[in-house]
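First comes the structure, then the notes that go with it.
Read the numbers this way: they start at 1 and go in the same order the structure lists the ligands and their atoms. Owing to the predicted nature of the structure, the values given are computational and were not obtained by experimental measurement.
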Amino acid sequence: MKQFRSNVIRAGLEALYFTGAHHLFRPVFAGVGSIFTLHHVRPPREAPFQPNRHLEVTPDFLRAMLAHLRSHRIEIVTMDELHRRLTERDFSRRFACFTFDDGYRDNRDFALPVMREFDAPFTVHVTSDFAEGGGSLWWIALEMVIAKASTIEVEIDGGLRRIDTSTPAAKQAAFDRLHDRLRGLPGRNDLAREIAALCDRHGIDQAAICGELCMSWDELKPFAGEPLVSIGAHSITHCNLAQQSAEVASKEMSASRARIENAVQQPVAHLAYPYGDKLAAGAREFALAKAAGFKTAVTTRPGMIFPESAEHLTALPRVSLNGNYQEERILPVLTSGAATAMWNGFRRIDAA
Ligand SMILES: [Zn+2]
């Protein structure tokens with residue numbers, strides 16, 4: 001299913017590019033600006049099994065995107081500046097914001113040098129448990145378990161099921177199946193329990209993953225002092241906020257902000273919802289983020305920014321820079337708004 005979805009997205013991007021249709025979309029769907037979503041930025045890896053590859057782009061692709069924006073006179077601005085432009089209705093020039101979720105160390109080591117080449121500001125949304133070293137990057141733990149094993153056993157409906165993970169294709173299929181199943185588990189601790197059991201059975205040290213990949217508080221403090229860097233919040237535990245009680249969801253937002261502010265000694269005014277899709281952030285979460293006092297909160301719903309986005313500052317859509325589509329020719333398609341318009345059903349605002 002994932003592969004099918006991926007092929008449909010690719011076909012759509014290619015069709016828009018080759019027909020030139022994105023030029024027709026631009027006046028109507030490009031909006032006044034866009035917010036890009038990134039996760040990892042690092043050199044490409046060779047491994048045949050990379051189920052999380054959509055979450056990483058290369059420094060070269062990031063550089064190509066920035067050069068493309070510059071050549072089209074699109075200004076790269078902070079989230080504070082986006083907030084100002086929306087609230088003051090200042091749309092004299094198109095703008096783009098860059099946001100990086102989770103707080104990966106490669107944001108400092110690979111993204112920052114590229115952003116510096118363009119003097120381009122960006123926001124890193126930090127998950128406080130990841131910076132603490134105690135969080136669960138379960139999608140990476142799952143990748144590591146499946147990469148290592150040739151078969152895995154998972155408890156499904158009360159019985160142990162054996163799943164083949166002996167070839168790259170089988171590994172990908174197993175990952176897709178288990179990823180969706182784990183994300184869909186209803187209980188607050190179900191996901192943590194199941195991934196811990198898998199890691200135990202297959203000798204994966206889940207606790208080490210945060211330290212390997214994410215910036216610690218000690219690293220975040222000087223990073224936050226970089227002139228181009230703003231730090232935003234991305235919850236405490238990276239849970240699906242929509243699955244939590246209002247009280248817990250609200251605490252995930254405001255307590256993570258307090259922890260980050262305390263660590264980096266700077267105000268934190270912007271939030272990214274973990275996962276950020278419709279299953280993880282909806283009207284209740286948008287209201288909670290507003291009540292918690294965030295100036296903006298971003299989803300992963302696809303879309304561009306329009307003047308009327310000012311009415312929905314805690315439900316802002318973004319454009320994903322997806323590691324599976326790193327051809328330079330798709331850049332004008334992404335900035336035209338054509339791709340996101342197609343994916344969100346030609347809506348300008350999707351905030352319900
Ligand atoms: Zn995240």
Do the charged groups of D180 and R183 touch, with an N to O distance under 4.0 Å? no
Quick one: ring-ring contact (aromatic ring centres under 6.0 Å, His included) partners of H238, sequence neighbours excluded? F130, W139, H234, Y275
Using 2.8 Å as the cut-off, note every protein N, O or S atom close to the Zn ion (ligand 1). D102 OD1, H234 NE2, H238 NE2
NZ/NE/NH1/NH2 to OD/OE distance under 4.0 Å, E153 and R201: no
Quick one: do R108 and E226 make a salt bridge, cutoff under 4.0 Å? no
Before accepting this row, confirm whether a basic side-chain N of the pair R181/D190 lies closer than 4.0 Å to the acidic partner's carboxylate O. no
Where C214 and D102 come nearest, the two heavy atoms and their spacing: SG-O, 4.5 Å
